[in-house]
Asker: 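First the structure, then my questions, so here it is.
Just so it is clear, the values below take in all heavy atoms, side chains as well, and ignore hydrogens, waters and symmetry mates. Note that the structure is a prediction, hence the values are computed from the model and not measured. Both counts, for ligands and for their atoms, begin at 1 and track the order of listing.
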Amino acid sequence: MITEFQNEPFTDFSVKANEDAMNAALKLVRSKLGQDYPLHINGQAVETEKKLSSTNPSNPSEIVGNFSQASVKEADDAMSAAVTAFETWKTVCPQKRARHLFKAAAIMRRRKFEFSAWLVVEIGKNWAEADGDVAEAIDFCEFYAREMIRLSGPQPLTPSLGEENELQYIPLGVGLVVPPWNFPLAILVGMTTAAIVAGNTVILKPSSETPGIAYQFYKVMEETGLPKGVLNFLPGPGSSVGDHLVQNAKTRFIAFTGSKEVGLRINELAAKPQKGQLWIKRVIAEMGGKDSIVVDDSADIDSAVDGIVASAFGFQGQKCSACSRAIIHANVYDEVLKKVVEKTKKLQLGSPEKKETNMGPVASKSQYASVKEYIEIGSKEGKLETGGGAGSFATDGKDGFYIEPTIISGIDPMARISQEEIFGPVLAFIKAKDWSDALKIANNTEFGLTGAVYSGNRDNLEQARREFHVGNLYINRKCTGALVGVHPFGGFNMSGTDSKAGGRDYLLLFTQAKSIAEKY
Ligand code: NAP
């Protein structure tokens with residue numbers, strides 16, 4: 001019997017056995033660093049001449065792995081394999097497809113510490129953040145497997161005399177899956193497994209920052225016995241291989257999560273029909289955010305301070321849901337700012353391989369340069385309260401791409417660091433005249449992903465429910481940490497297509513509904 005979905009519990013690293021297991025997993029992963037990895041097309045390993053090395057952001061000279069890079073030729077081979085595999089995979093019963101996901105979840109659960117260790121080493125997550133990423137990946141498998149079974153059952157229709165009526169959710173075809181590096185396991189697994197369990201075949205082009213963790217997941221799916229060609233692993237540059245596949249006439253849909261710029265480009269390219277194309281391509285695009293926490297003068301201040309610090313600096317602020325603006329009622333602005341700065345100063349910046357580390361490095365050299373530039377801009381737009389530097393690490397990123405948690409106060413709502421996504425550990429403090437003004441500021445960007453409000457006033461909370469225009473609104477809690485099944489996730493406006501990953505509507509995006517009526 002398939003039991004009811006439950007979220008994967010987080011690991012308690014204060015338990016000695018868990019701490020030991022994590023250290024052992026880090027040792028295991030360290031022993032595998034620097035290996036070469038092929039593409040996988042139609043179940044076959046394919047080596048290419050062009051390689052890309054994935055490196056450790058805590059120690060940029062350390063190579064995590066060397067990955068064969070696809071060119072347009074391998075992309076076309078992957079498309080042929082996926083097109084062929086679709087003809088049989090679409091006929092496999094949903095229950096059987098779901099079992100591949102149940103098995104993938106079981107394998108990742110057994111190897112949870114190892115997967116976390118890959119995330120620590122390849123992208124600089126601390127232990128808790130890495131564990132959360134793995135738990136979410138497991139949740140997506142468990143949740144979408146059950147969802148497909150639910151959708152494959154009889155769907156409620158209005159009876160019509162003399163007819164038998166039925167609605168079936170059938171797959172779309174070949175999908176291109178393009179994940180970001182910031183949840184390089186969870187988001188990749190979510191988009192890939194949703195597509196596969198719905199009966200589609202997939203070309204997976206991982207982020208060039210994190211092909212290592214993507215490869216580990218590819219091998220898990222292989223271990224579940226997935227037929228060849230259903231999932232094709234195709235690392236390669238987004239700008240060439242990505243563009244090429246987005247424009248391919250055989251691509252039926254694109255599931256993308258990443259920046260606004262790339263998402264809009266994909267949407268535009270996909271909209272133009274190619275010679276021989278039979279369908280309107282579907283684009284599922286989840287993009288950037290500029291997320292705010294709004295604090296009222298009636299709020300529980302200490303709880304708001306905890307929520308702001310956790311949301312702003314978890315995984316170095318590199319979450320689409322990260323709080324990058326604290327919008328505070330004038331009456332409590334000074335108190336909240338003082339307490340947030342105090343708490344932030346206590347965060348430990350250091351190697352994510354150490355259990356006690358709160359914040360590791362940012363993801364890459366380009367991230368480092370871009371965040372530093374925003375700190376410079378922000379320091380001119382407001383007052384640098386704390387951070388801005390690299391702590392005890394080299395300021396050129398040689399020791400790792402470390403950036404201190406940074407707070408800049410006195411920011412105008414229209415300032416650049418209040419409007420543009422920074423995607424790093426930089427928090428802008430903005431003073432609001434009153435509650436209505438605070439909500440107005442919260443809605444003043446082109447994004448609409450997450451947001452949180454802290455207030456003890458029922459009328460103000462109701463106003464926030466009505467007016468705060470975000471896909472995921474949190475009340476009296478932090479604005480990060482959406483759970484599969486609990487908080488279906490997706491943003492409004494330029495934050496994306498509001499796909500609500502981890503929700504009951506999500507799989508519909510990977511299917512088309514066929515209505516069948518037979519008159520007797
Ligand atoms: P990105 O630069 O947009 O890259 C995302 C993916 O797109 C990568 O795999 C990238 O491949 C690929 N890509 C680049 N150019 C492409 C093209 N022309 N055609 C097809 N694919 C292309 O984003 P990122 O830096 O990885 O991730 C950070 C962004 O993701 C932030 O804006 C963040 O807010 C957003 N995000 C949103 C959500 C959400 O749910 N809304 C969740 C997580 C992250 P290469 O690496 O090879 O360039």
Side-chain angles (χ1 to χ4, degrees), residues 50 52 54 67 69-70 72 75 123 133 136 140 175-188 190-192 203-214 233-248 251 254-270 281 283-291 315-324 362-367 370-371 420-424 445-450 470-472 479-482 484 487-503 506:
K50 196 163 169 238
L52 179 133
S54 166
F67 292 83
Q69 293 291 285
V72 164
I123 203 63
D133 198 327
E136 191 177 354
F140 278 134
L176 172 64
V177 172
V178 187
W181 50 259
N182 75 324
F183 279 86
L185 186 63
I187 292 180
L188 177 151
M191 294 194 294
T192 306
I203 300 174
L204 169 61
K205 195 221 85 60
S207 162
S208 296
E209 300 292 345
T210 49
I213 191 76
F233 176 66
L234 200 82
S239 51
S240 55
V241 168
D243 265 7
H244 179 73
L245 285 169
V246 166
Q247 294 178 87
N248 193 305
T251 300
I254 299 125
F256 166 82
T257 307
S259 62
K260 179 191 93 175
E261 289 69 25
V262 175
L264 291 181
R265 177 177 175 79
I266 289 175
N267 196 43
E268 191 178 341
L269 290 180
K281 286 177 194 167
V283 176
I284 303 151
E286 290 309 311
M287 316 193 302
K290 190 72 198 168
D291 313 302
F315 187 36
Q316 295 78 266
Q318 301 171 121
K319 297 183 187 178
C320 53
S321 55
C323 167
S324 59
V362 298
S364 63
K365 195 172 181 178
S366 58
Q367 268 290 104
S370 151
V371 175
E420 297 171 21
E421 185 181 42
I422 300 173
F423 217 57
T445 75
E446 62 181 345
F447 297 107
L449 188 48
T450 78
V470 286
N472 286 72
C479 66
T480 54
V484 171
H487 314 109
F489 193 80
F492 298 160
N493 296 347
M494 284 296 176
S495 289
T497 50
D498 189 37
S499 63
K500 289 294 180 273
Y506 192 65

Asker: Ignoring hydrogens, just give me the one of Met287, Glu209, Gln69 whose non-hydrogen atom is nearest atom 37 (C) of ligand 1.
Answerer: Met287

Asker: What residue and heavy atom of the protein are closest to atom 46 (O) of ligand 1, and at what distance?
Answerer: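 Atom 46 (O) of ligand 1 sits closest to the protein heavy atom Ser208 N, 2.8 Å.
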
Asker: Tell me whether Pro235 reaches ligand 1 (any heavy atom closer than 4.0 angstrom to a ligand atom).
Answerer: no

Asker: Judged by atom type as modelled, is there a donor-acceptor pair below 3.5 Å linking the side chain of Ser321 to the main-chain atoms of Thr450?
Answerer: no

Asker: First locate atom CD1 of Ile422, then atom NZ of Lys290, and finally report the distance between them rounded to the nearest 0.5 Å.
Answerer: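 Atom-to-atom, Ile422:CD1 and Lys290:NZ are 4.0 Å apart.
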
Asker: Just distances here: any N/O of Pro179 and N/O of ligand 1 closer than 3.5 Å?
Answerer: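 Yes: some nitrogen or oxygen of Pro179 is under 3.5 Å from one in ligand 1.
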
Asker: May I ask you to list the atoms of ligand 1 that are less than 4.0 angstrom from any heavy atom of Arg265?
Answerer: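 Selected atoms, number and element: 18 (N).
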
Asker: Could you find the nearest protein heavy atom to atom 27 (O) of ligand 1 and give me its residue, atom name and distance?
Answerer: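 Closest protein heavy atom to atom 27 (O) of ligand 1: Pro180 CB, 3.4 Å.
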
Asker: Answer with side chain, backbone, both or neither: which part of Leu245 has a heavy atom less than 4.0 angstrom from an atom of ligand 1?
Answerer: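 For Leu245, there is no contact with ligand 1 at all, from either part.
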
Asker: Out of all atoms in ligand 1, which are within 4.0 Å of some heavy atom of Phe489? Include the element for each.
Answerer: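 It comes down to these atoms of ligand 1: 40 (O).
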
Asker: Check if Gln318 has a non-hydrogen atom at a distance under 4.0 Å from any atom of ligand 1.
Answerer: no

Asker: Could you check whether any heavy atom of Gly491 sits closer than 4.0 Å to an atom of ligand 1, since that is the contact criterion I want to use?
Answerer: no

Asker: Supply the atom-to-atom distance Leu204 CG to Leu188 CG, rounded to the nearest 0.5 angstrom.
Answerer: 4.5 Å

Asker: Is it the case that the side chains of Ser366 and Ser364 hold a donor-acceptor pair, with the cut-off being a distance below 3.5 Å and no angle test?
Answerer: yes

Asker: Quick one: which ligand 1 atoms are inside 4.0 Å of a heavy atom on Asn182?
Answerer: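 What qualifies from ligand 1 is 43 (C), 44 (C).
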
Asker: Atom 20 (C) of ligand 1: which protein heavy atom is closest, and how many Å away?
Answerer: Gly242 CA, 3.5 Å

Asker: How long is the span from the OG1 atom in Thr445 to the CE atom in Met494, to the nearest 0.5 Å?
Answerer: 11.0 Å

Asker: Measure from atom 4 (O) of ligand 1 to the protein's non-hydrogen atoms and state whether any distance is below 4.0 Å.
Answerer: no

Asker: More than 12 heavy atoms of other residues, nucleotides or ligands under 6.0 Å from CD of Glu446: is that the case?
Answerer: yes

Asker: Give me the residue, atom name and distance of the protein heavy atom closest to atom 28 (C) of ligand 1.
Answerer: Phe423 CE2, 3.5 Å

Asker: I'd like to check which ligand 1 atoms, numbered from 1 as shown, lie under 4.0 Å from a non-hydrogen atom of Gly236.
Answerer: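 Counting from 1, the qualifying ligand atoms are 47 (O).
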
Asker: Who pairs with Thr210 by side chain to side chain donor-acceptor pair (under 3.5 Å), at least two apart in sequence or on another chain?
Answerer: none

Asker: Atom CH2 of Trp181 and atom CD1 of Ile187: how far apart are they, to the nearest 0.5 Å?
Answerer: 10.5 Å

Asker: Going from CD1 on Ile123 to CD1 on Ile213, what distance comes out if it is rounded to the nearest 0.5 angstrom?
Answerer: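 Ile123 CD1 to Ile213 CD1: 10.5 Å, rounded to 0.5 Å.
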
Asker: Looking only at heavy atoms, what is the nearest atom pair of Lys500 and Gly490, with distance?
Answerer: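 Looking at all heavy atoms of both residues, the closest pair is NZ-O, 2.8 Å.
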
Asker: Purely on distance, is any nitrogen or oxygen of Asp243 under 3.5 Å from one on ligand 1?
Answerer: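 Such a contact does occur with ligand 1.
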
Asker: How far does CG of Asn493 sit from CZ of Phe447, to the nearest 0.5 angstrom?
Answerer: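 Between atom CG of Asn493 and atom CZ of Phe447 there are 10.0 Å.
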
Asker: I'd like the name of whichever of Gly238, Ser207, Gly263 reaches closest to atom 13 (N) of ligand 1 through any heavy atom.
Answerer: Gly238

Asker: Among Leu176, Val283, Val178, Asn267, whose side-chain contact (heavy atoms from CB on, under 4.5 Å) with Phe256 holds?
Answerer: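 With Phe256 as partner, Leu176, Val283, Val178, Asn267 yield a single side-chain contact (heavy atoms from CB on, under 4.5 Å), made by Val178.
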
Asker: Any idea which atoms of ligand 1 are less than 4.0 Å away from a heavy-atom of Leu449?
Answerer: 41 (N)

Asker: Hey, does Phe183 sit under 4.0 Å from ligand 1 if you only count heavy atoms?
Answerer: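 Phe183: no contact with ligand 1 (<4.0 Å).
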
Asker: Which heavy-atom pair separates Ala363 from Gln318 by the least distance, and what is that distance?
Answerer: N-OE1, 3.0 Å

Asker: Please check whether Gly258 reaches ligand 1 - meaning an N/O of the residue sits under 3.5 Å from an N/O of the ligand, judged on distance alone.
Answerer: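 There is such a contact, yes.
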
Asker: Walk me through whether Ser495 and Glu286 qualify under side-chain hydrogen bond (donor to acceptor under 3.5 Å, both in side chains).
Answerer: CA-CA 6 Å; Ser495 289; Glu286 290 309 311; over 6 Å; no

Asker: Tell me, which protein residue and heavy-atom name are nearest atom 36 (N) of ligand 1, and how many Å apart are they?
Answerer: Cys320 CB, 3.6 Å

Asker: Atom 12 (C) of ligand 1: which protein heavy atom is closest, and how many Å away?
Answerer: Val178 CG1, 3.4 Å

Asker: How far is atom 26 (O) of ligand 1 from its nearest protein heavy atom, and which residue and atom is that?
Answerer: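 Ranked first by proximity to atom 26 (O) of ligand 1 is Trp181 CD1, 3.1 Å.
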
Asker: For Ile187, counting its heavy atoms only, list the atoms of ligand 1 lying under 4.0 Å from any of them.
Answerer: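 Going through ligand 1 atom by atom, the ones under 4.0 Å from Ile187 are 42 (C), 43 (C).
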
Asker: Does ligand 1 come near enough to Lys205 that some N or O of the ligand is less than 3.5 Å from an N or O of the residue?
Answerer: yes

Asker: Might you work through the salt bridge (Lys or Arg N to Asp or Glu O under 4.0 Å) test for Asp291 and Lys319, ending with a clear yes or no?
Answerer: CA-CA 10 Å; Asp291 313 302; Lys319 297 183 187 178; over 6 Å; no

Asker: In terms of residue, atom name and distance, what is the protein heavy atom nearest to atom 2 (O) of ligand 1?
Answerer: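 The answer is Ser259 OG, 3.9 Å.
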
Asker: Can you tell me which portion of Glu421 lies within the under-4.0 Å heavy-atom range of ligand 1? Options are side chain, backbone, both, or neither.
Answerer: side chain

Asker: Counting heavy atoms only, which part of Ala501 comes closer than 4.0 Å to ligand 1: side chain, backbone, both or neither?
Answerer: neither

Asker: Using side chain to side chain donor-acceptor pair (under 3.5 Å) as the criterion, list what pairs up with Ser54, not counting sequence neighbours.
Answerer: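 Checked Ser54 against side chain to side chain donor-acceptor pair (under 3.5 Å); matches are Glu122.
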
Asker: Should you measure from each heavy atom of Phe256, which atoms of ligand 1 turn up under 4.0 Å away?
Answerer: 3 (O), 5 (C), 6 (C), 7 (O)

Asker: So, for Ala501 and Tyr506, which heavy atoms are closest and what is the spacing to 0.1 Å?
Answerer: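 Scanning both residues, the minimum pair turns out to be CA-CD1, 3.5 Å.
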
